[in-house]
2 protein chains.
Amino acid sequence: MPPRTEADVPGLVERARAGEARAVARLISLVEDESPRLREVTAALAPHTGRAQVLGLTGAPGVGKSTTTNALVRELRARGKRVGVLAVDPSSPFSGGALLGDRIRMQDHAGDPDVYIRSMASRGHLGGLAWSTPQAVRVLDAAGCDVVVVETVGVGQSEVEVAGLADTTLVLLAPGMGDGIQAAKAGILEVGDVYVVNKADRDGADQVRRDLRSMIALADRPDDGWTPPILATVAQAGQGLAELVAEIDRHHAWLQETGELGRRRARRARAEVEAIALAALRRTWGDIGGHAGLDELAAAVAAGETDPWAAADRLLEQVRA
Amino acid sequence: MPPRTEADVPGLVERARAGEARAVARLISLVEDESPRLREVTAALAPHTGRAQVLGLTGAPGVGKSTTTNALVRELRARGKRVGVLAVDPSSPFSGGALLGDRIRMQDHAGDPDVYIRSMASRGHLGGLAWSTPQAVRVLDAAGCDVVVVETVGVGQSEVEVAGLADTTLVLLAPGMGDGIQAAKAGILEVGDVYVVNKADRDGADQVRRDLRSMIALADRPDDGWTPPILATVAQAGQGLAELVAEIDRHHAWLQETGELGRRRARRARAEVEAIALAALRRTWGDIGGHAGLDELAAAVAAGETDPWAAADRLLEQVRA
């Protein structure tokens, strides 16, 4: 690879805002690499953000997330929307799993200047979801995307994290996947704004919808007045996608009317600021100029010479000094 | 309930050290309730801690954790050890699931002054494992237990957390539970020091041991020279327990010889001190005397008026001010 020239961040932001895909790609690379320019990029993007509708799309492997994302993009394009897709999903054909490429036909959108698709690494030193994902959302937002879809595989905590990232969280299920148990385990009953039972032409789809409805009714969800709809789709055949887009729009309108959109975004920003501040603090804890760092304090606790509360006090005194 | 009298913490610690079960119970209640005396209790315990061998015991529901704990306690008692058990497991008969009581025969140890058994709430505002569990371990350690067994149900992250808490982590499996997939998902391949295939008289036990051996060989484990043994037990019948105790002792000797025991305990103390310090910081972030708190900074980020790095800088400046 030829060495990259020094990035002209303001110029890149201008070109990304004008819709130039290469500038978008370069900016996402800058935030993804956690380059020294990361702060500069985020600061330059800030005034141009907050317009895009951010959709999270999650579900267990095999429920048809990528097929649904693809069909959703087509539906949104038919309405004249600019769309960005971030695939934070190691199994997604968008993020390199070309084995499924024939089924997914991402070629559908190749050459469409109003669709930007990018896979993101799922690692991230500040949590399961790539740390850079919210920054990449900012890039696509500033680049004029009306909708940004963040696709994550629903295992472990990632569906809860994507719910923190998105304005509207879509949870996908499919018949014959042991969904009931999966749902209860992963906490997806709490986080979905719109539920989609995909592959609805298969046996058991109605049962999954019924089970889901009763499980959601029992789940510990916020009492905010929103009852999540449970849709049926056959994404492969494009069935149910218009209804899905209608429900997404209805949820977005509800978010705006109730002020929940602002609260969700403030909560998201809060978590992000806090994570950055904690990471910065952690970096200093090993080496607090001349004072005992965390390692020495921990050794004293392990030896019974002090207790963890007293050690924490000393650590914080040094941060404040 | 009659109102509790003010706790005489130094007196309680003295009585607990003398082996008085009621004093142990009272001290655990004080740390479990996160009472105002929590810090005082932990400080009073600190000089008397560090002697007990801490065993973590984890596994999926149904593998026989409680039966194994019970058999292990019996085996340790036969060797003259004082034993404490903390059951952080909502499904454990120790923590109220008396339905299984007839099978488990906790009555085996009722009235034995050298066995202390306590169930712990699995909630905890600083993580999945009860925040108070490490404090309860300190109480039992100070009370002269030679071995403290912490039993946790192996779902989600808790087995990884118990590995952080324990000197030696025992991971239980059983035939016919879809163990291969379970193991790979939960990360237990990385954290076990000793693996136990319980119910080894059932079909498929040898296969589970073979699968486990090859999966462990492929897992991303620390290159520290310890090869985890994979034992077979029938805890219900007491079979294989002597071998289990021998392997636990062999691991403990290895921990001491290599200095790994000190490193593990320091790592544990480090995580604990850090969690306490972060929790203390978080409490201050909403209200930093006269300055913009985290909520205002988050609102500014959400509005595009500033970026998260700049907001984190301001937050930290205020902490340091």
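In what follows, every chain begins at residue 1, and chains take the letters A, B, ... in the order their sequences are listed. Worth saying up front: this structure is predicted, and the values here are computed from it rather than measured.
- Note on B/R267 versus A/D295: no salt bridge recorded, every NZ/NE/NH1/NH2 to OD/OE distance being 4.0 Å or above.
- At a threshold of 4.5 Å between non-hydrogen side-chain atoms, the residues A/D307 and B/E40 do not count as touching.
- With chain B as partner, the option from A/R138, A/H48, A/R265 having the largest number of non-hydrogen pairs under 4.5 angstrom is A/R138.
- Between A/V273 and B/W309, the closest side-chain pair of non-hydrogen atoms is not below 4.5 Å.
- There is no contact between A/R263 and chain B, counting heavy-atom distances below 4.5 Å.
- The shortest heavy-atom contact between B/A298 and A/A266 is CB-O, 3.5 Å.
- Heavy-atom pairs under 4.5 Å with chain B peak, among A/A277, A/A44, A/A302, A/G50, at A/A277.
- Both the backbone and the side chain of A/E274 come within contact range of chain B, with heavy atoms under 4.5 Å apart.
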